[in-house]
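Input: a single structure, listed below in structure tokens.
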Amino acid sequence: MPELPEVETIKNTLKRFVIDKTITDVTVFWPNIIKRPDDAEQFKDLLHGQSIRDIHRKGKFLLFELDDAILVSHLRMEGKYSVHPSGEPVKKHTHVIFTFNSGEELRYNDVRKFGTMHLFNKGEERLGKPLNQLGPDPFDEAFTVDYFYQKLKKTDRQIKSVLLDQTVVAGLGNIYVDETLFKAKIHPLRKARQLKKREVQAIREAAISTLREAVAQGGTTIRSYVNSQGDMGMFQQELFVYGQENEPCKECGRPITKMKVGGRGTHVCVSCQK
DNA sequence: TCGGCTGTTAGTAA
DNA sequence: GTTACTAACAGCCG
């Protein structure tokens, strides 16, 4: 589900509910979510007594900053965080509960159980998986045209697949890649290494502006995404190609085509995108 | 009823 | 080393 704009929105809404709350207990119903440490009991012990001081985002990852630790969380397709009074009935697909000293709980819910949590000592989170291979955030100043152009030049893959590669740039997923390529007027099947520098520049700018606008709209809700207050995003109203199969292109009027690229459903205006 | 699809990515095979 | 495919899981749609 969530790509950069959704994770950013979740971070911002969640902060209001959890900052300076102290974890007094952790309950893990589906241990496979916990990837580090490998033992869920140890995970629980390390979190006991820790307070949430801040929440950060890197690509699609949420980073919960605790007193002595960083909890790195990826929501994958359907992960959600929400805060509830302790007495409230627990919903189906809730897999981890962080109990606070405030009489509330932070609950992690994930229909498909794909999400992951990695716990690190503070300062060590960038050294191991999953953050050690992550490319720059699109909003980071390290995401320069030169960096991007060099990366694209040394791969044989199609541009769409490269944009989905989180080691190249971190935060784009299937929706925003399709939207970015439409905005840049580039066909998703183009070989990355054959793109001209001005095309690479156009993709970079399209990605940044698309993501910025989507953050402003609170993300995109296609089926299940809601932020940590339960609000839907609004960016689905601004989509040009994603989910617009057979609809007229908002630029040229010709129908949007759906195809497969790298195994992913891909939406393209074959008239606008070359 | 069942196969195919879904906002992701780690692991494996070629 | 690079790239392509699949599995992890559940639900929805035709």
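Residue numbers start from 1 in every chain, and the chains themselves are labelled A, B, ... in the order their sequence lines are given, proteins ahead of strands.
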Categorize G265(A) for me: base, sugar-phosphate, or nothing, with a 4.0 angstrom heavy-atom threshold over every strand shown. sugar-phosphate
Contacts of F29(A) meeting side-chain contact (heavy atoms from CB on, under 4.5 Å) (sequence neighbours excluded), chain-then-number -> T27(A), I97(A)
Looking for any heavy atom pair under 4.0 Å, which part of the strands does K35(A) touch: base, sugar-phosphate only, or nothing? nothing
Please determine whether a side-chain nitrogen of the Lys or Arg among D165(A) and K151(A) lies less than 4.0 Å from a carboxylate oxygen of the Asp or Glu. no
Would you confirm whether T266(A), through its side chain, and R264(A), through its main-chain N or O, come within 3.5 Å as a donor-acceptor pair? yes
Between dT1(B) and dC9(C), how far apart are the P atoms? Round to whole Å, please. 24 Å
Quick one: do D110(A) and R76(A) make a salt bridge, cutoff under 4.0 Å? no
If you round to the nearest 0.5 Å, how far is CD of Q166(A) from NZ of K60(A)? 4.0 Å
Quick one: do K197(A) and D146(A) make a salt bridge, cutoff under 4.0 Å? yes
Does a salt bridge link R53(A) with E65(A), judged by any charged N lying under 4.0 Å from a carboxylate O? no
For T220(A), report the nucleic acid contact type (base, sugar-phosphate, nothing); a contact means any heavy atom under 4.0 Å. base
Electrostatic pair R57(A)-D137(A), nearest N-O below 4.0 angstrom: yes
Could you pull out all residues at least two apart from K196(A) that satisfy side-chain contact (heavy atoms from CB on, under 4.5 Å)? R198(A), E199(A)
Within the 4.0 Å heavy-atom criterion, would you say S224(A) contacts the bases, only the backbone, or no part of the nucleic acid? base
Touch class at under 4.0 angstrom, heavy-atom based, for Y242(A) against every strand present: sugar-phosphate
Distance check, P atoms only: dC5(B) and dC5(C), in whole angstrom units. 14 Å
Tell me, please, which residues at least two apart from F240(A) pass ring pair (Phe, Tyr, Trp, His ring centres under 6.0 Å). F182(A)
With heavy atoms under 4.0 Å as the rule, sort D110(A) into base, sugar-phosphate or nothing. nothing
Can you tell whether the side chains of D156(A) and R193(A) come within less than 4.0 Å, N to carboxylate O? yes
Heavy atoms of chain A, cut-off under 4.0 Å: which first and last nucleotide of DNA chain C, 5' to 3', fall inside that, if you could look? dT3(C) to dG11(C)
Under 4.0 Å protein heavy-atom contact, by nucleotide of nucleotides 8-14 of chain B - B base, S sugar-phosphate only: BBSS---
Indicate, with a heavy-atom threshold strictly under 4.0 Å, whether K92(A) touches base, sugar-phosphate, or nothing. sugar-phosphate
Contiguous Watson-Crick or G-U pair runs (3 or more, under 3.5 Å) in DNA chain B: B:2-6 with C:10-14, B:8-14 with C:2-8
